[in-house]
Amino acid sequence: MSDKTMIDEEERAIYSGDHCLSCTSCMANCPVMAAAKDYRGPKLVAPAHGRMHFSEDDTELSLDFCSNCKSCDRACPSGVAVSTLNMLQRAEYYKKHPHPQRDDMLAHAEKMAKLVNALPLGTTFANLGMKIGRSLGMFDSMGIAGEREMPAYASNTFAQEFRKIKQPSSDKKVVFFPGCSINYNEPHIGVAFVKVMNANGYEVLLDEAFNCCGSPLVVTGYLDEAHEHAENNVERILYWKRQGIPVVATCTSCSLMLRKEYEELFGEEAMKEAGENVYDAFEFLEMLDAEGKFNTKLAPVNEKFLYHVPCHLKAAGIGTPVVSIFRHLPGAKVELADAGCCGMSGNYGFKKDKYEISMKIGEKLFSRIKAAHADDVICECPTCRMQIQHGTQAEPCHPIEILAKAYQ
């Protein structure tokens, strides 16, 4: 990406700890702080302590506690991007300190998936190896929570499945950003997205030059690598923007990273411009609905859905477009779980030393799901769905799957 023009300093003022009023709103709304007494709170990590630039002998000991759920950002009355400042300080810390082995593994899921898929029967052996490794306690020895199952690799990637789909051609097009989870673990969700978009008159394009959005890299402190990912992805988004074709994602963490977090983390004007061409899938459908262009020829569903709204969707500030679209589903009833953060926060809940914190944060949601007796639990975030299944044994699904089934 050649254009390195930076966003005006005054416009980026909210990304400075100097605008923190020390009002403690972020601390009152932080799910990690409520679950872990050792965490001193969001404002003390970057807004306060970050001003000291982490001098060698003065490091904030609770730096690693922030899960980047962004509850603090939403609570801040001054609009300070507290979580982003925390991620920037985490990256500064790891410039002087080595990464633990588990961070290297959790941050580079895309790299591992590519290696696995390049080998004959690679996914089969990798899935078997993960099960054996977990049972032998190898996860624990590497700093990964042995209580959790790692997400299994699909036998075919979404890119492979996409090539098999016969779409009707259309002058209306969107580019799908599948993200790592859909491409390597849950390709059926991507297939469902294509079906929904086709039903609404859109042809879906896949740009295989995209790479991981970089969220796993950011939260583990590999900011330089995340910047490389950002530059590549922004270049591709701007390429499609010049052709008048929007980029759409079904993962709320991916869409938030592409549309907002690049700009916050790296401050480049091109990243802000690219973010304006990125949409969440249901946000895009809601826009069609507002224009009277959403296809409402849907089969009856007649089910009660309990909807867990991901933290990163809340941070995007676009409301709950799933609820809006599901009003068109005959017989569907949607109830918000309204139980706060699930506690998983991407790869946070996979860390051995954060497992108990993760599960404690999720207790309210687990209880809510068990008491609701819904036909299905729905959620757009893949790691939220993992946490829900782990904590309740329910089998949540992406709402795009429900919508795809209703189009006949």
Student: Step through the shown structure and confirm whether more than 12 heavy atoms of other residues, nucleotides or ligands are within 6.0 Å of NZ on Lys370.
Tutor: yes

Student: Can we say Arg148 and Asp140 salt-bridge, meaning some charged N sits less than 4.0 Å from an Asp/Glu carboxylate O?
Tutor: no

Student: Around atom CD of Glu356, are there more than 12 heavy atoms of other residues, nucleotides or ligands at under 6.0 Å?
Tutor: no

Student: Looking at Met344, Lys354, His390, which hits side-chain contact (heavy atoms from CB on, under 4.5 Å) with Met359?
Tutor: His390

Student: Flag the pair Lys352 and Glu147 as a salt bridge only when some basic side-chain nitrogen lies within less than 4.0 angstrom of an acidic carboxylate oxygen.
Tutor: no

Student: Report, as yes or no, whether the 6.0 Å neighbourhood of atom CG on Asp224 holds more than 12 heavy atoms from other residues, nucleotides or ligands.
Tutor: no

Student: Should the pair Glu264-Arg259 be classified as a salt bridge under the 4.0 Å nitrogen-to-oxygen rule?
Tutor: no

Student: Of all residues at least two apart in sequence or in a different chain, which pass the salt bridge (Lys or Arg N to Asp or Glu O under 4.0 Å) check with Glu276?
Tutor: Lys241

Student: Does any N or O in the side chain of Thr320 come within less than 3.5 Å of the main-chain N or O of Val322, such that one atom is a donor and the other an acceptor?
Tutor: no

Student: Please give me the minimum heavy-atom distance between Ala315 and Arg74, naming the atom from each residue.
Tutor: N-CD, 3.8 Å

Student: Please name all residues satisfying salt bridge (Lys or Arg N to Asp or Glu O under 4.0 Å) with Arg134, sequence neighbours left out, ordered by chain then number.
Tutor: Glu149

Student: Tell me whether the count of non-hydrogen atoms from other residues, nucleotides or ligands lying under 6.0 Å of NZ in Lys293 goes above 12.
Tutor: no

Student: Could you tell me whether Arg236 sits above the aromatic face of Tyr239, with NZ or CZ closer than 6.0 angstrom to the six-membered ring centre and within 45 degrees of the axis?
Tutor: yes

Student: Is it the case that the side chain of Ser78 and the backbone of Cys20 share a donor-acceptor pair, with hydrogens and angles ignored and the cut-off at 3.5 Å?
Tutor: no

Student: Is Glu286 salt-bridged to Arg327, going by a charged N under 4.0 Å from an acidic O?
Tutor: no

Student: Report the C-alpha separation of His108 and Tyr222 in whole Å, then their side-chain angles, then the decisive distance to 0.1 Å, and conclude whether the ring pair (Phe, Tyr, Trp, His ring centres under 6.0 Å) test is met.
Tutor: CA-CA 10 Å; His108 298 100; Tyr222 293 90; 4.9 Å; yes

Student: Before accepting this row, confirm whether a basic side-chain N of the pair Glu203/Lys173 lies closer than 4.0 Å to the acidic partner's carboxylate O.
Tutor: yes

Student: Quick check: are there more than 12 heavy atoms from other residues, nucleotides or ligands sitting under 6.0 Å from NZ of Lys360?
Tutor: no

Student: Looking at Asn233 and Asn211, would you say the former's side chain and the latter's main chain have a donor-acceptor pair under 3.5 Å?
Tutor: yes

Student: How about Met138: does its CE atom have over 12 heavy atoms from other parts shown lying under 6.0 Å from it?
Tutor: no

Student: Should the heavy atoms of other residues, nucleotides or ligands under 6.0 Å from CD of Glu395 be counted, would the total exceed 12?
Tutor: no

